[in-house]
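Notes to accompany the following structure.
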Amino acid sequence: MESVARRAAGSIDMRAALAAMHWSFGEEEKAEEYWEWACTRINSGVLREGGPAIDGCRLYKDMDWLARIRRWPPSMVRKMDDFLNLRKGSEL
C-alpha cells in the first residue's frame, strides 16, 4: 500500500487505509501522519460548479460508506473504526 500511496499521491482512499493499517499495528504516530495528509493536504475540491468543497476525511468516518460504496474489506473497515474511536486491537 505504501508504494501505491507514493504513485497515487492524491489518493485519499489509500492514505486513509494506511492510517487504519498503521493504527492496527500500534504505529499511532504514523497513522496520524497519514490521516492528517488525507484530511488536510489532499484537496478533493469542488465536484460541480457552485457545489461545496468536499472534506477529504468526512466520508471515511462513515463505516457503511466504506463497506458498501468504497468496498473496503470488513477487516479494514474494523481497523478504520478502531482508529477513529482510538481503540486498539483489530489486527485480524
Side-chain angles (χ1 to χ4, degrees):
M1 285 197 318
E2 303 265 351
S3 63
V4 173
R6 280 191 298 276
R7 283 186 305 222
S11 172
I12 295 171
D13 206 51
M14 188 53 60
R15 293 193 186 274
L18 282 164
M21 184 188 74
H22 283 292
W23 181 264
S24 75
F25 294 153
E27 299 169 350
E28 293 90 356
E29 188 173 315
K30 204 164 190 177
E32 292 291 344
E33 286 174 19
Y34 276 111
W35 185 249
E36 189 270 336
W37 186 277
C39 295
T40 62
R41 295 186 187 182
I42 298 174
N43 180 5
S44 51
V46 177
L47 296 179
R48 67 178 193 275
E49 190 174 333
I54 294 178
D55 172 0
C57 292
R58 184 179 57 82
L59 290 171
Y60 288 88
K61 296 174 184 177
D62 180 346
M63 298 307 109
D64 181 59
W65 180 82
L66 282 177
R68 286 186 322 101
I69 306 302
R70 296 305 303 152
R71 296 181 183 226
W72 278 24
S75 62
M76 286 302 294
V77 173
R78 281 191 304 275
K79 288 175 185 182
M80 179 56 82
D81 192 48
D82 287 346
F83 171 66
L84 293 172
N85 290 293
L86 305 175
R87 289 190 304 256
K88 303 287 182 190
S90 293
E91 228 182 280
L92 298 175

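Values in this document were obtained by computation on a predicted structure and should not be read as measured data. We count residues from 1, following the sequence as given.
Here the shortest heavy-atom pairing between Ala38 and Cys57 reads C-SG, 3.9 Å. Residues Leu18 and Tyr34 approach most closely at CD1-CE2, 3.5 Å, considering heavy atoms. The two residues Ala19 and Ala31 come nearest to each other via the heavy atoms O-CB, 3.2 Å. The minimum heavy-atom distance between Ala16 and Met80, with the atom names listed, is O-CE, 3.2 Å.
The salt bridge (Lys or Arg N to Asp or Glu O under 4.0 Å) search around Asp81 returns Arg87, not counting sequence neighbours. Residues passing the side chain to side chain contact (heavy atoms under 4.5 Å, CB included) test with Pro73, sequence neighbours excluded: Ser75, Met76. Applying the side-chain hydrogen bond (donor to acceptor under 3.5 Å, both in side chains) rule to Glu27 yields the partners His22; only residues at least two apart in sequence or on another chain are considered. For Arg70, the side chain to side chain contact (heavy atoms under 4.5 Å, CB included) criterion is met by Asp13, Tyr60, Trp65, Leu66, Trp72, not counting sequence neighbours. A search for side-chain hydrogen bond (donor to acceptor under 3.5 Å, both in side chains) contacts involving Asp62 returns nothing, not counting sequence neighbours.
Here Phe83 contributes atom CZ and Glu32 contributes atom CD; the two are 4.5 Å apart, rounded to the nearest 0.5 Å.
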